[in-house]
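In what follows, a structure is listed as structure tokens, so that the remarks can point back to it.
Because the structure is a prediction, the values reported are computed rather than measured.
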Amino acid sequence: MDANPKPGDIVHFEINTKDASRAMTFYTKLFGWKYKDSDIPGIEYYLIDGVTPGGAINPQPTPAKAPVVYFGVDDVDKSVKIVRDQGGKAGDKIPIPGQGWFAECTDPDGNAFSLFQSDPSVTMETEHAHQEARA
């Protein structure tokens with residue numbers, strides 16, 4: 001993801017799928033994409049190598065019916081509040097070690113998107129502390 005996105009920039013997208021191998025073959029044949037493993041411990045997630053903005057194939061048991069687009073924000077907490085105040089829905093922020101924070105959202109019409117705040121200081125320890133605080 002872009003280390004310094006401007007608010008509203010598309011910084012990342014995910015193609016959710018039940019079958020990662022099938023999806024990767026499909027998009028390789030269509031666009032010539034190549035992939036690399038994310039190396040996130042315990043998570044199957046394949047980064048698309050060399051596309052702008054960055055993207056990934058994201059295996060899910062019940063995938064969304066459309067790609068998820070991530071928009072850059074300066075302050076994910078403030079942006080989550082705005083989404084909720086304006087009639088949308090937003091989950092709590094979630095850490096991405098070495099990258100920053102994201103929050104899954106829908107607008108008032110039900111369109112899914114995510115917010116992303118760059119913060120390279122987020123670590124696996126930050127993630128564990130965040131999970132324990134939410135438990």
Side-chain angles (χ1 to χ4, degrees):
M1 288 190 213
D2 185 347
N4 298 303
K6 295 185 300 283
D9 277 359
I10 296 174
V11 296
H12 187 75
F13 68 92
E14 291 174 340
I15 296 175
N16 298 301
T17 181
K18 287 184 192 178
D19 186 336
S21 181
R22 179 187 65 212
M24 290 190 291
T25 298
F26 176 86
Y27 288 103
T28 295
K29 297 278 187 194
L30 182 62
F31 299 129
W33 287 351
K34 294 181 174 32
Y35 309 90
K36 57 185 176 182
D37 193 289
S38 67
D39 294 325
I40 300 171
I43 295 177
E44 183 182 13
Y45 192 79
Y46 303 98
L47 299 171
I48 303 164
D49 198 17
V51 298
T52 303
I57 300 294
N58 186 21
Q60 297 287 312
T62 54
K65 298 296 181 195
V68 176
V69 176
Y70 287 72
F71 294 99
V73 296
D74 290 330
D75 182 333
V76 72
D77 295 309
K78 179 180 174 184
S79 297
V80 161
K81 182 177 181 337
I82 291 169
V83 168
R84 292 172 179 164
D85 289 349
Q86 295 302 308
K89 295 180 181 173
D92 293 331
K93 70 180 182 183
I94 299 170
I96 307 169
Q99 298 287 319
W101 301 92
F102 79 97
E104 297 172 331
C105 303
T106 56
D107 70 13
D109 292 310
N111 295 299
F113 64 95
S114 288
L115 302 172
F116 172 76
Q117 176 188 337
S118 180
D119 182 354
S121 70
V122 175
T123 64
M124 290 301 285
E125 289 74 30
T126 307
E127 181 178 15
H128 293 306
H130 183 75
Q131 289 173 348
E132 288 174 7
R134 293 180 64 201

Next item on the list: Measure the shortest side-chain to side-chain distance between F71 and I10 over non-hydrogen atoms and say whether it is less than 4.5 angstrom.
Entry: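 Of all side-chain heavy-atom pairs linking I10 with F71, at least one is under 4.5 Å.
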
Item checked: Heavy-atom side-chain proximity of V122 to Q99 below 4.5 angstrom ->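 A side-chain contact under 4.5 Å is absent here.
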
Gap separating the [atom1] atom of [X] from the [atom2] atom of [Y], nearest 0.5 angstrom:
X	Y	atom1	atom2	result
I82	D77	CD1	CG	11.5 Å
C105	Y70	SG	OH	10.5 Å
H12	T52	NE2	OG1	12.5 Å
E44	N58	CD	CG	9.0 Å
W101	I94	CH2	CD1	10.0 Å

Shortest non-hydrogen contact between [X] and [Y], atoms and distance:
X	Y	value
D37	D39	OD1-N, 2.7 Å
A103	G91	CB-O, 3.7 Å
Q60	N16	CG-OD1, 3.7 Å
V80	L115	N-CD1, 4.0 Å

Checklist line | Residue pairs fulfilling salt bridge (charged side-chain N to carboxylate O under 4.0 Å, His left out) with at least one residue in residues 103-118, sequence neighbours excluded | finding: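 Counting only pairs at least two positions apart or across chains, no salt bridge (charged side-chain N to carboxylate O under 4.0 Å, His left out) contact touches residues 103-118.
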
Check: Can you find a side-chain donor-acceptor pair between D19 and T17 that sits under 3.5 Å?
Finding: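 Note: D19 and T17 side chains miss the donor-acceptor criterion.
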
Margin query: Running the 4.5 Å side-chain criterion over Ile, Leu, Val, Met, Phe, Trp and Tyr, what cluster does I48 land in, apart from itself?
Written below: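 I48 clusters with F13, I15, M24, F26, Y27, L30, F31, W33, Y35, Y46, V51, I57.
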
